[in-house]
Novice: 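The structure under discussion is supplied below as structure tokens; questions concerning it will follow.
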There are 2 protein chains.
Amino acid sequence: MLMDPHLLTTFVTVARHGSFSAAAAELGYTQSAISQQIAALEADLGLPLLSRRPVEPTPAGRRLLEHAEPLLLRLRAARADVLRTAAQPRHLLRLAATPLAVNAVVSARLAEARARQPRLEVRLRTCRAEDLAAVVAEGRADLGLADGLAAPSDPLRLPESGPMTTTGVSEEDLVVVLPGGHPLAGRASLRLADLIDARWLQSPLCPLARLRDLVGDGFPAGLEYEGDDVHTVLALAAAGHGLTLLPASAVPAGGGQVCVVPVSAPRLVHRVELLHAALPAGAPSDVAAVLTG
Amino acid sequence: MLMDPHLLTTFVTVARHGSFSAAAAELGYTQSAISQQIAALEADLGLPLLSRRPVEPTPAGRRLLEHAEPLLLRLRAARADVLRTAAQPRHLLRLAATPLAVNAVVSARLAEARARQPRLEVRLRTCRAEDLAAVVAEGRADLGLADGLAAPSDPLRLPESGPMTTTGVSEEDLVVVLPGGHPLAGRASLRLADLIDARWLQSPLCPLARLRDLVGDGFPAGLEYEGDDVHTVLALAAAGHGLTLLPASAVPAGGGQVCVVPVSAPRLVHRVELLHAALPAGAPSDVAAVLTG
DNA sequence: TGTTCTTACGGCGCACGTAACCATT
DNA sequence: AATGGTTACGTGCGCCGTAAGAACA
């Protein structure tokens, strides 16, 4: 009658795995329990939510999934937020960042913060962009740094993440990374529209979906790289597996067999944003102030 | 561990009543059960949420309250949304509207919709502005019509209401309602800034809080009227209990002992917005199209 | 002393696990 | 036949109600 979050979690887990047994394993239940929980949820709503064999969400199930994930996130976020009100001041800052978010500006500001507060300890972990909001909302990190492509002064498009504030930290020019011998390698600048039919690298450092969002369809994926190592991406680009767009400072000057060309149009930047939920007292809030400049 | 919505509802109920016993009565539990539920929630979070005697939220409790209400609303809204995916087409339209939302434009458009769909049945109920979003989100009405003051072309400020879309329906000029013998009664137009020290009527038809939001502090309340009857408001205004701001069309032409004067500055309008969650098939979606013009 | 929240304790129901059952490949 | 979801059934834990207890007026 009230849609127990417990049941919702099992539901999303089953949907994600496409399997009752796999969900059971993940959640530490028996298959049977999972089956009963799903049945209970379906009985409660009076609708089938999953087709069996194969296990796939029905239209109603798909609708519920769209609600359930953010709902559960908000629930955990609320818990974390309430707990923060009672947290004592810390001098430990837990920072979560997407791979390219920690650039020169951020490092410098962080150094500044450490200079001001000698006792400050920083624990930095990298984190996939799609997880960052949840990590911060749930209090698993005090601050989050997200990077991504955006039009100048426009915000990034972060996944709906509940009550959280974002502040711009830095914006930087973008360059197209080309293999050394590429016909366009010598150019002073390039327009992305001229490259929509080229092969591109799909990687977390430069997600093509976002590029299509901003510029238009095209940008076919040549090779897909699931890691977040800049050197690997540069090596792949050098080997001609595809082009990629990176912040200028991420490419070592004069090194490697790649050639970088600034993007002239459309005006896009590599933007870094700071995410924070309500901040616990102590280091985190002070650092947030320094990071945003 | 997962913040059972069940416990959250009891918590908000207790907080609203400032009493365990009253909450127990409302929810159909014993005092004892309520006590145990609150204790369980406090144990789960490891924090006191309510001070006893008097029963009032602690800082942490206040924080939790801010989260709990919208969370529970979203939960019910999600349920309603999922159920709607399976709803069969209806020719019944359940419309919820704040008192002044059903104006000439809305009535005309509604008539147009009925002309196009002879089988259309409309069930209209009025609803307090602060409840409207919840009523629509939870599917207790198919469409909502909210009215309020706003700068021209600006949206109303509706309470955070989860996944819902709003569309402007109409905007209309505002008039100040003055008693017949008022010194300013003859004026061709008035500026609100000149009236911030006058006595005003506080009523759901013209909430002074919103006025202060838009124009600035002031607008002291003379008499507070909790009903939503225009004639009563006009009678109170005529008797000099205070000024009020209404859409021009709400005041009967030439009637009554009141005098109306258009507002010249700041530019404000009486705006009506249509609210809808995902629309069920059938009448509601068609009508929504007609209503938005 | 009255009101109101808390604690103790017993019972009932519910949710889970075991295991048998069935369906789909 | 094997894999994987469902159904049947027993058990234990959790949650609520009754009733007695404690705190504040």
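Here the structure is a predicted model, which is why all the values come from computation and not from measurement. Letters A, B, ... mirror the listed sequences (proteins, then strands); counts begin at 1.
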Novice: Answer yes or no: is there a donor N or O on one side and an acceptor on the other, between the side chain of B:Asp142 and the main chain of B:Arg94, under 3.5 Å?
Specialist: yes
Novice: Without swapping roles, check the side chain of A:Gln202 against the backbone of A:Gly222 for a donor-acceptor pair under 3.5 Å.
Specialist: no
Novice: For atom CZ of B:Arg199, decide whether the heavy atoms of other residues, nucleotides or ligands shown that lie under 6.0 angstrom number more than 12.
Specialist: no
Novice: Using whole Å, what does the distance between atom P of nucleotide D:dC13 and atom CG of B:Asp4 come to?
Specialist: 20 Å
Novice: What parts of residues 16-27 of chain A reach DNA chain C, counting only heavy atoms under 4.0 Å away?
Specialist: none
Novice: If I take atom CG from residue B:Leu156 and atom CD from residue B:Glu273, how far apart are they, to the nearest 0.5 angstrom?
Specialist: 4.0 Å
Novice: Relative to the ring of B:Tyr29, is the ring of B:His6 parallel (under 30°), tilted (30 to 60°) or perpendicular (over 60°)?
Specialist: tilted
Novice: What's the CD1-C1' distance between B:Ile38 and D:dC16, to the nearest Å?
Specialist: 15 Å
Novice: Could you give the distance from CD1 (A:Ile34) to CD (A:Gln36), rounded to the nearest 0.5 Å?
Specialist: 10.0 Å
Novice: Is the backbone of A:Leu49 close enough, under 3.5 Å, to the side chain of A:Glu42 for a donor and an acceptor to pair up by distance?
Specialist: yes
Novice: Once each nucleotide of nucleotides 13-25 of chain C is scored for protein heavy atoms under 4.0 Å, what B/S/- sequence comes out, 5' to 3'?
Specialist: ---BBBB---BS-
Novice: Going by atom types alone, do A:Gln37 and A:Thr10 pair a side-chain donor with an acceptor below 3.5 Å?
Specialist: yes
